[in-house]
Amino acid sequence: VGKVLQFAPSMDADELQGVFKPYNQTQLSAAQAACVLDQLAVIEENIEHRRQLANIYESMLDSPFIVSKGAAVLRYPLLVTNKQTFIQQSMAKGLSVGNWFSTPVHPCSTGIAALSYKGGSCPRAEEMANHIVNLPTSLQFNVEDAKAIVRVVLSIAPQLVKRNHG
């Protein structure tokens, strides 16, 4: 369960600060093109794998998110009642859950005001940001990993997983 993956950041420092700049690159580098071609070669396997892990999470967790049949999610969303406690307890058990969208506006490295967001203007998005984490569906995690992740999630404290479907 405690797999750690490291990737290069997908956004540069200016983008993370909310600074818009036109891109001067008009084509992929040779390394980027090779990476794209490698990924395209296994895209069907990747999509099916993500569907399979999402189905495992959906069947084993009482989650308010129902992933549409045939959808391939990048990460599986999970609502929790106390996000920080859930993340801390997950990490203590070797599970690093995703905390990608911690604000209604992304990216938000410098604070939400830098992106001209006014607090309270999207209350449902703010509520979701305060309670959503995500679980992996990538090829680095297999079916047994997904089942182990669910067991960890449920062992932490079942009451931390939001069960309200309304």
Side-chain angles (χ1 to χ4, degrees), residues 1-12 15-16 28 31-109 112 122-166:
V1 175
K3 293 184 180 184
V4 176
L5 305 174
Q6 293 185 355
F7 298 97
S10 60
M11 302 176 83
D12 67 29
E15 290 175 293
L16 290 170
L28 297 174
Q32 290 170 320
C35 182
V36 168
L37 291 173
D38 286 347
Q39 289 300 306
L40 286 173
V42 295
I43 195 160
E44 292 302 321
E45 175 189 352
N46 190 321
I47 288 170
E48 184 53 38
H49 180 80
R50 290 177 188 280
R51 286 178 182 146
Q52 184 180 27
L53 295 194
N55 286 338
I56 289 168
Y57 294 141
E58 193 168 297
S59 69
M60 295 179 72
L61 293 168
D62 185 16
S63 172
F65 291 102
I66 305 299
V67 177
S68 298
K69 289 279 186 223
V73 294
L74 187 61
R75 302 279 294 191
Y76 188 84
L78 180 68
L79 287 178
V80 296
T81 55
N82 186 321
K83 187 175 185 174
Q84 293 311 314
T85 299
F86 185 85
I87 290 170
Q88 289 169 354
Q89 290 183 10
S90 296
M91 290 178 71
K93 294 213 175 208
L95 174 60
S96 179
V97 297
N99 184 20
W100 289 4
F101 301 103
S102 57
T103 63
V105 181
H106 183 76
C108 190
S109 299
I112 211 160
C122 297
R124 290 190 60 113
E126 291 173 19
E127 175 72 12
M128 293 298 284
N130 288 330
H131 293 281
I132 195 163
V133 296
N134 56 70
L135 305 176
T137 63
S138 67
L139 291 170
Q140 288 83 7
F141 295 86
N142 62 35
V143 168
E144 291 309 312
D145 292 332
K147 290 177 181 177
I149 288 167
V150 170
R151 286 191 295 274
V152 170
V153 166
L154 293 175
S155 75
I156 289 169
Q159 68 275 12
L160 289 178
V161 177
K162 274 195 157 198
R163 306 270 183 190
N164 181 1
H165 293 268

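Computed from a predicted model, the values in this text were never measured in an experiment.
- A side-chain contact (heavy atoms from CB on, under 4.5 Å) with Ile149 holds for exactly one of Leu61, Ile56, Leu95; it is Leu95.
- Counting heavy atoms from C-beta on, the side chains of Val143 and Lys147 come closer than 4.5 Å.
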Legend entry - Stepwise side chain to side chain contact (heavy atoms under 4.5 Å, CB included) check, Met60 with Val153: CA-CA 10 Å; Met60 295 179 72; Val153 166; over 6 Å; no
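- Distance check: Gln52 CD to Asn55 CG gives 8.0 Å after rounding to the nearest 0.5 Å.
- Under the rule for a salt bridge (charged side-chain N to carboxylate O under 4.0 Å, His left out), the partners of Glu48 that lie at least two apart in sequence or sit in another chain are Arg51.
- A search for side chain to side chain donor-acceptor pair (under 3.5 Å) contacts involving Asn46 returns Arg50, not counting sequence neighbours.
- At a threshold of 4.5 Å between non-hydrogen side-chain atoms, the residues Glu126 and Thr103 do not count as touching.
- Interatomic distance, Ile43 CD1 to Asp38 CG, rounded to the nearest 0.5 Å: 12.5 Å.
- Looking only at side-chain heavy atoms (C-beta outward), Ser102 and Lys83 come within less than 4.5 Å of each other.
- Remark: side-chain polar atoms of Ser90 are not paired, donor with acceptor, to backbone N or O of Ser96 under 3.5 angstrom.
- Under the 4.5 Å side-chain criterion, counting only non-hydrogen atoms from C-beta, Leu53 is not in contact with Tyr76.
- Residues Ala125 and Pro104 share a closest heavy-atom pair of CB-CB, 3.7 Å.
- Applying the side-chain contact (heavy atoms from CB on, under 4.5 Å) criterion to Ala34, with sequence neighbours excluded, gives no partner residue.
- In summary, the side chains of Glu45 and His49 do not present any donor paired with an acceptor at a separation below 3.5 Å, with no hydrogens or angles considered.
- Proximity of a side-chain donor or acceptor of Asp145 to a complementary backbone N or O of Asn142 within less than 3.5 Å is detected.
- The side-chain heavy atoms of Leu135 and Tyr57, taken from C-beta on, include a pair separated by under 4.5 Å.
- Using a 4.5 Å cut-off on side-chain heavy atoms (C-beta onward), Leu78 and Ile132 make no contact.
- When atom types are taken as modelled, the side chain of His131 and the backbone of Val80 share a donor-acceptor pair closer than 3.5 angstrom.
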